[in-house]
Amino acid sequence: MKPYDHKDIEKKWQQEWDKQGIYKVSDSVLGKENYYTLVEFSYPSGNLHVGHWYAFAVPDIFARYKRMKGFNVLYPMGFDAFGLPAENAAIKLGEDPKTWTYKHMETMRDQLRSMGAMFDWDREVVSCDPKYYKWTQWMFNEFLKKDLVYRDVTSVNWCPKDQTILANEQVTDGKCERCGTEVVQKNQEQWMLRITKYADRLIDDLDPLDWPHAIKQSQKNWIGRSEGSEIEFPISGSEKKIKVFTTRADTLFGVTYVVLAPEHELVAELKKGLVNESEIDAYVQGANKKSELDRQQSKEKTGVELKGVTAVNPVNDESVPVWIADYVLAGYGTGAVMAVPAHDERDFEFAKKYQLPIKEVVIPNRIDVKNPPVPGKKSQERWNVQAIVRNPKTDTYLCMYSKEFKWTTFPMGGRESGEGIIETIEREIREETGYINLKFVKILGGPVRAEYFAAHKDENRVAYTHGVMFDLVDETRVPLLAEEEGKHEFLWLPKSELVYPRIVHAELNDWLSRWDGHDFAFVEPGSLIYSGVFTGLDSEEAKKKITEFVGGKLVKTYRLRDWGISRQRYWGVPIPIVYDPAGKAHPIPVEHLPWLLPTDVDHTPDGTSPLARSKELVERTEKIFGAGWRPEVETMDTFVDSSWYFYRYLDNNNDGVFADPEKIKSWMPIDLYMGGAEHTTMHLLYSRFWVKALHDLGLVDHNEAYVIRRNRGLILGPDGEKMSKSKGNVIDPDAIVNRLGADTVRMYLAFMGPYGTVASFPWDPNGVVGVRRFLERVWAAQEKVGTQPTEESLVRTLHKTVKKVSEDIEKFSFNTAISAMMIFMNEFDKQSTIHKDDWKMFLKLLASFAPHMTEELWNTLDEQESIHVTAWPTYNEALVVDDTVTLGVQVNGKVRAEITLAVDATESTVREQVLAIPEVQKWIDGKEVKKFIFIPKKIISIVI
RNA sequence: GCCGGGGUGGCGAAAUUGGUAGACGCUACAGACUUAAAAUCUGUCGAUCGCAAGGUCAUGCGGGUUCGAUUCCCGCCCUCGGCACCA
């Protein structure tokens with residue numbers, strides 16, 4: 001036997017497979033169903049790291065398995081080749097971005113080939129190839145026709161020194177990462193895509209997808225649909241109105257001021273001639289300087305009043321002051337809010353800081369669980385006060401137990417008309433309990449509404465109750481009223497025993513939360529109060545009615561913004577637009593596509609878009625469209641490239657269409673899409689939008705591209721930290737492949753933990769050696785292959801292994817599949833021979849994990865065909881079911897013995913046998929067996 | 001703060017979704033082979049008490065449901081990831 005020389009074997013078979021073309025994928029194969037497995041294509045950064053191996057080599061196991069299972073599997077590979085790093089290299093090293101990119105792709109192709117994956121390289125897609133971006137441009141024009149593309153002004157990061165727009169990732173701590181200059185916000189006209197038009201569908205269509213819950217949730221939050229009202233506040237002495245968006249129209253009576261975002265269009269007009277105009281200017285300028293991120297990071301709220309300007313609350317004609325503050329975002333809702341400090345935490349904080357009034361208009365609404373309202377009884381509205389009387393000496397609280405109704409209450413009573421809260425409750429305490437020397441402590445906030453049935457009056461009550469706290473000064477008591485005498489027992493209870501519903505007040509939990517006296521806004525829905533005719537309504541109902549009453553509109557708003565795709569960069573898809581001499585934009589007709597990226601561009605930044613420096617581009621434009629015509633000089637965001645690349649794998653050479661509709665129909669939607677969790681709200685959302693847009697254009701017949709989505713985890717360095725050069729914990733896959741082989745590396749990655757769950761796994765240099773040891777044992781076992789029948793118990797193990805490995809691969813539990821194969825080898829080591837056919841069966845299981853080594857072993861068995869085109873083995877059902885099973889025997893829930901029984905044993909046949917086991921006898925110890933539980937194939941449990 | 005994952009030996013992890021917790025691998029220790037080392041092979045390996053048989057405790061913490069809970073319910077703690085003034 002030759003030693004296991006992975007270098008030889010891997011090189012040999014990679015060449016051989018190439019020669020035989022066993023990974024060429026046809027669009028249809030008779031009798032086979034198409035199966036499309038996809039992993040996000042990668043950026044050609046120049047070097048394959050362990051992350052790439054994890055991303056591509058492990059799903060290759062799955063793809064190979066599916067193929068052996070009889071599917072026509074497509075598992076393609078390509079490059080997301082436009083992007084910033086190539087351009088940075090051009091600026092820094094003076095290298096041409098295209099040369100740089102193609103050089104890196106070449107290196108990476110070699111490295112990817114070393115994986116021994118089943119990529120069909122004939123289908124490769126490269127997003128910077130004009131044959132590809134021709135169709136990116138074509139789609140842009142199709143979207144333009146359908147009004148999905150428009151031009152708008154948005155703010156961008158601008159470095160005044162480098163005279164260039166910066167991506168968010170090029171800004172660190174508000175400074176340009178290249179030169180350290182403070183970055184400012186600049187308004188810039190951009191090409192926008194109307195992704196917001198699809199906001200509802202992007203949310204609603206998520207439900208049926210087999211995607212991780214986490215992604216669905218994040219996308220929903222990211223889109224941030226919220227339903228509310230738009231309400232207009234007229235400005236006193238002006239024709240203008242401030243339109244606000246609110247989700248809490250029910251709190252309209254509680255508005256005490258209105259706030260505009262600093263960028264709000266009305267600010268410039270309203271500030272004119274105000275006493276504090278300069279202060280306002282300064283504030284607006286300050287806000288402009290800060291990026292959105294900075295603004296959100298400062299915790300302290302700031303603002304400035306538009307002194308002299310007032311807005312009119314449309315619901316009650318009250319005048320309220322108008323402020324500007326940067327906690328209000330120009331880009332969300334209407335850029336203006338009505339402030340209700342009593343019911344919104346941010347408004348509350350702001351109102352406290354600037355001493356603005358706080359008006360409570362929504363109160364908690366409780367329905368007593370113990371004495372709920374009785375239908376049919378008459379209902380009475382009451383204003384009540386409850387007293388929480390503390391005895392400071394014992395730290396206990398005064399409660400009254402009613403002998404008649406058998407309930408415990410605080411001293412309480414109804415307010416007579418005209419009577420004050422304190423006055424009322426002091427009277428009630430005196431009359432009901434006799435205590436007279438009390439010290440007032442505080443009122444526990446506003447009233448709480450509660451509905452209950454008052455048994456002593458046989459009527460339903462809607463009570464608005466205040467809570468008041470007192471300390472007992474001394475125990476002096478006066479005689480009770482005659483009618484109160486003997487009705488109650490008085491209890492002094494510690495705070496821990498003040499629990500609802502033991503104390504029957506439905507308001508109790510509200511008192512307890514207000515107890516420590518710290519103020520907060522009541523942001524929950526509740527019942528309206530001090531709200532004119534709307535008083536008593538609950539929040540939900542009031543939202544609609546109040547909006548209607550003031551002539552407002554019920555609207556949906558989204559956090560999601562339209563997608564700005566313009567980039568003032570070189571290395572991207574040129575936006576296929578030209579401007580006529582009057583400056584009007586025209587799409588470039590399809591016969592001139594691809595609209596090529598010019599090559600005569602100097603990459604030194606000079607404040608213009610690089611394409612603007614191309615002479616050739618202008619000449620080309622004038623030649624085609626006429627004198628005075630000018631080209632668009634912007635390129636597209638690279639997320640556009642990756643929004644549709646999966647169609648191009650299906651038909652990557654087609655010059656007449658982005659992909660043949662028949663081919664699209666036969667492969668799409670993608671059966672399985674694996675990738676990184678970092679793409680949750682960008683790539684996965686953009687491409688969903690893109691596919692829906694193509695669908696609406698009638699170009700594809702599916703509405704979603706990815707049926708199953710799984711996110712993979714992350715491989716960490718041996719120290720458990722993220723790999724990084726500065727930490728010196730980077731694992732170079734090339735070196736390990738060289739030392740231990742591709743089969744070992746891909747199999748170890750699969751063995752580290754479950755795939756398809758977001759977790760992180762530290763690379764263990766010893767662990768990978770362990771996998772290599774396993775492969776060595778398999779290699780050595782070829783010596784034992786013969787024509788003698790295999791020992792029966794090993795055959796059984798083999799068939800069980802087939803079952804287990806198949807099931808585990810389906811679940812992406814490659815780690816346990818490998819473990820099952822290890823168990824088989826452990827069994828096999830005890831035997832001296834195995835029959836050739838059984839050995840082949842095992843090799844097939846291992847083939848998708850260790851494609852090179854198994855091919856070599858397969859080949860030595862005089863097989864002509866590649867192992868990878870053979871069929872996945874099937875197991876014999878009779879061989880995987882055992883006829884006996886070992887069960888634990890529990891006595892009072894603790895396992896005390898084991899028993900091996902026939903699988904079809906029944907309770908009646910085993911009962912005597914189980915009770916006779918000495919260990920069981922010992923624990924029963926003559927006691928009565930109360931219960932005998934027999935769960936076939938699971939457990940026996942005896943209760944004594 | 002909000003949303004979403006997670007917390008199981010010295011480590012990576014298993015556990016048919018309520019049924020004998022820790023499969024498989026790594027590490028460590030002991031032994032065999034060797035002049036020696038590496039490699040390989042054999043054995044031990046959750047904690048604790050015990051000479052042993054065996055007992056007790058153990059799946060982040062505290063409760064609950066159940067004959068039985070890593071799994072279900074309630075309340076906490078910790079941790080990782082994402083988002084964060086969204087009106």
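Proteins get letters first, then strands, A, B, ... in listed order; numbering begins at 1 in each.
Residue contacts for A:Asp347: at a heavy-atom cut-off of 4.0 Å it reaches no nucleic acid atom on any strand shown. Looking at heavy-atom distances under 4.0 Å, A:Glu898 makes contact with a base. As judged by a 4.0 angstrom heavy-atom cut-off over every strand, A:Pro754 is placed among residues touching the sugar-phosphate backbone only.
With rounding to whole Å, A:Lys937 atom NZ is found 17 Å from B:rG18 atom P.
Straight-line distance between the P atoms of B:rA13 and B:rG68: roughly 32 Å, to the nearest whole Å. Distance noted for atom P between B:rG82 and B:rG46: 37 Å (whole Å). Taking atom P in both B:rA28 and B:rA38, one finds a spacing of 11 Å when rounded to whole Å.
Between B:rA84 and A:Arg559, a contact under 4.0 Å exists linking OP1 or OP2 to a side-chain N or O. Dashed line: the shortest gap from a side-chain N or O of A:Arg773 to OP1 or OP2 of B:rU40 is under 4.0 Å. Distances shorter than 4.0 Å separate some side-chain N or O of A:Arg896 from OP1 or OP2 on B:rU56. For B:rG81, neither phosphate oxygen OP1 nor OP2 lies less than 4.0 angstrom from any side-chain nitrogen or oxygen of A:Ser760. For the OP1/OP2 pair of B:rC3 and a distance below 4.0 Å, the side-chain nitrogens and oxygens of A:Asn221 include no atom meeting the criterion. A:Trp923 has a side-chain polar atom (N or O) that falls below the 4.0 Å cut-off from OP1 or OP2 of B:rG55. One finds a side-chain N or O of A:Lys894 lying less than 4.0 angstrom from the OP1 or OP2 phosphate oxygen of B:rC57.
Ring pair A:Tyr327/A:Phe350 is tilted by interplanar angle, where 30° to 60° counts as tilted.
Listed nucleotides: B:rG55, B:rU40, B:rC24. Nearest to the side chain of A:Asn826: B:rC24. Distances were taken from every side-chain heavy atom of A:Phe761 (C-beta onward) to each of B:rA23, B:rA87, B:rA13; the shortest belongs to B:rA13. Taking only side-chain atoms of A:Arg777, from C-beta outward, the nucleotide of B:rG25, B:rG19, B:rG4 with the closest atom is B:rG25.
A:Asp743 has no carboxylate O lying under 4.0 Å from a charged side-chain N of A:Arg772, or vice versa, which leaves the two without a salt bridge.
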Report, one pair per line, the protein and nucleotides 65-73 of chain B atoms (nitrogen or oxygen only) whose separation is under 3.5 Å.
residue	atom	partner	partner atom	Å
B:rC67	OP1	A:Lys931	NZ	3.1
B:rC67	O2	A:Ser941	OG	2.7

